[in-house]
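Quantities reported herein were computed from a predicted structural model and do not represent experimental measurements. All chains are named by letter (A, B, ...) in the order of the sequence lines, taking the proteins before the strands, and each is independently numbered beginning at 1.
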There are 2 protein chains.
Amino acid sequence: MGFTKKHIFSDNQNLVASYSKVLGHPARISIIQQISDKKHCNCNQLVKSIGLAQPTISQHLAEIRKIGLLKQTVKGKNLFYSINTEKLNDCRRIVNDFFVKTQVSCNK
Amino acid sequence: MGFTKKHIFSDNQNLVASYSKVLGHPARISIIQQISDKKHCNCNQLVKSIGLAQPTISQHLAEIRKIGLLKQTVKGKNLFYSINTEKLNDCRRIVNDFFVKTQVSCNK
DNA sequence: ACGTGATATTGCAATATCACGTTAAATTTA
DNA sequence: TAAATTTAACGTGATATTGCAATATCACGT
């Protein structure tokens with residue numbers, strides 16, 4: 001097999017999972033942290049500081065972009081990334097909601 | 001390649017990623033929710049309510065167990081699972097910390 | 001001891017992911 | 001226009017994940 005049977009789960013369950021999945025790789029955690037630290041950050045800077053090849057970083061960036069967590073600004077020949085803070089907030093809320101509801105269920 | 005270069009990342013980055021990875025599949029989200037809802041829940045109940053085969057559920061349970069999120073109680077021939085609330089709390093804290101710190105960085 | 005129900009393990013096929021070399025597209029600079 | 005720089009896209013090999021059937025194990029009742 002190898003695929004996920006998304007259709008048997010609720011929209012919220014799929015949403016929590018897809019957000020979490022993006023956070024489920026240390027390179028993507030590192031990328032998100034660096035972009036938010038440096039405000040504007042291009043691909044090359046990430047390649048140098050993280051130590052993975054450019055195509056690999058680019059691929060991880062694409063996955064973070066997929067869930068809408070990145071904004072792009074073109075400045076000359078550089079493409080600068082920054083965090084979409086509204087989306088980050090949304091992401092945090094969705095994941096935290098899962099934890100809160102689970103904890104409430106556990107304690108009742 | 002196909003493997004993750006964990007050694008180039010910090011312990012915290014790897015921790016956030018490994019917790020998130022476990023939450024990165026809707027079946028595991030559903031399993032965690034059902035176990036916390038029903039307090040005690042055995043494998044068979046999950047198989048019936050979720051609609052995946054028993055080995056698949058068992059495999060997902062093993063991954064959730066790996067990060068210490070499950071407790072087991074044997075009652076007769078039944079094995080009941082419940083949530084390790086301390087670990088759930090820890091997990092929530094680690095993930096939430098990542099979000100909080102990222103947001104702080106974005107806003108400064 | 002035997003059968004039964006519940007769960008774990010094994011082995012497999014299909015697919016996804018990770019990492020990278022190479023190439024291509026776009027833009028700046030000479 | 002040509003060269004240089006940056007990043008996305010494509011292709012590929014290696015590994016991991018998902019899901020399941022078959023089997024093994026484990027605990028209980030008879």
- Message: Tell me if a side-chain donor or acceptor on B:Asn14 pairs with a main-chain N or O of B:Ser10 at a distance below 3.5 Å.
- Response: yes

- Return yes if the base of D:dA8 and the side-chain atoms of A:Gln54 contain a donor-acceptor N/O pair under 3.5 Å, otherwise no. yes

- Task: Keeping the roles fixed (side chain from B:Ser36, backbone from B:Ile32), state whether a donor-acceptor pair exists under 3.5 Å.
- Result: yes

- Query: Contacts to DNA chain C from residues 14-35 of chain A, heavy-atom cutoff under 4.0 Å, which residues?
  - Reply: A:Lys21, A:His25, A:Arg28

- Query: Roughly, in whole Å, what's the span from CG in B:Leu52 to P in D:dT17?
  - Reply: 17 Å

- Query: Which residue pairs satisfy the ring pair (Phe, Tyr, Trp, His ring centres under 6.0 Å) criterion with at least one member in residues 48-73 of chain A, sequence neighbours excluded?
  - Reply: A:His25-A:His60

- Query: Between C:dA6 and B:Tyr81, is there an OP1 or OP2 to side-chain N/O distance shorter than 4.0 Å?
  - Reply: no

- Could you tell me the separation between the CD atom of B:Gln33 and the CD1 atom of B:Ile83, rounded to the nearest 0.5 Å? 10.0 Å

Collect all protein-nucleotide pairs involving nucleotides 28-30 of chain C in which both atoms are nitrogen or oxygen and the distance is under 3.5 Å.
none

- Starting from P on D:dG19, measure out to CD1 on B:Ile50 and report it in whole angstrom. 11 Å

- Query: Closest nucleotide of DNA chain D for A:Gln45 versus for B:Ala53: which of these residues is on the 5' side?
  - Reply: A:Gln45

- Item | Backbone of A:Asn42 reached by a side-chain donor or acceptor of A:Gln45 within 3.5 Å | yes

- Nearest-Å distance for atom pair CZ/C1', residues A:Phe80 and C:dT27: 13 Å

- Query: Just by distance, do the side chain of B:Asn84 and the backbone of B:Gly68 share a donor-acceptor pair under 3.5 Å?
  - Reply: yes

- Query: In whole Å, what is the span from the CG atom of A:Asn42 to the C1' atom of D:dT5?
  - Reply: 11 Å

Show me the side-chain donor-acceptor pairs of residues 95-108 of chain A shorter than 3.5 Å, one per line, residues at least two apart or across chains.
unit_1   : atom_1 : unit_2   : atom_2 : d
A:Asn96  : OD1    : B:Arg92  : NE     : 3.3
A:Thr102 : OG1    : A:Phe98  : O      : 2.6
A:Gln103 : OE1    : B:Arg92  : NH1    : 2.6
A:Gln103 : NE2    : B:Asn89  : OD1    : 2.9
A:Ser105 : OG     : A:Lys101 : O      : 3.1
A:Ser105 : OG     : B:Asp37  : OD1    : 2.9
A:Asn107 : ND2    : A:Gln103 : O      : 3.2

- Item | B:Ser20 (side chain) donor-acceptor with B:Val16 (main chain) under 3.5 angstrom | yes

- Item | Modelled atom types, side-chain donor and acceptor of A:Tyr19 and A:Lys87, under 3.5 Å | yes

- Message: Side chains of A:Arg65 and A:Gln72, heavy atoms from C-beta outward: is any pair under 4.5 Å?
- Response: yes

- Validation row: A:Lys38, A:Ser49 side chains within 4.5 angstrom (heavy atoms): yes

- In whole angstroms, the gap separating P of D:dA16 from NZ of B:Lys5 amounts to 15 Å

- Find the distance between CD1 (B:Ile35) and CG (B:Leu46) and round it off to the nearest 0.5 Å. 5.5 Å

- Message: Treating B:Arg28 as the side-chain partner and B:Val22 as the backbone partner, does any N or O pair qualify as donor plus acceptor under 3.5 Å?
- Response: yes

- How close or far is atom P of D:dT7 from atom CG of A:Asn44, stated in whole angstroms? 5 Å

- Item | For DNA chain C, the residues among residues 55-74 of chain A that have a non-hydrogen atom under 4.0 Å from it | A:Pro55, A:Thr56, A:Gln59, A:His60, A:Glu63

- Query: Can you tell if the side chain of A:Gln59 reaches within under 4.5 Å of the side chain of A:Pro55, non-hydrogen atoms only?
  - Reply: no

- Note on the structure: Taking Watson-Crick and G-U wobble contacts under 3.5 angstrom, with | marking pairs to another strand and [ ] crossing pairs, the secondary structure of DNA chain D is written ||||||||||||||||||||||||||||||

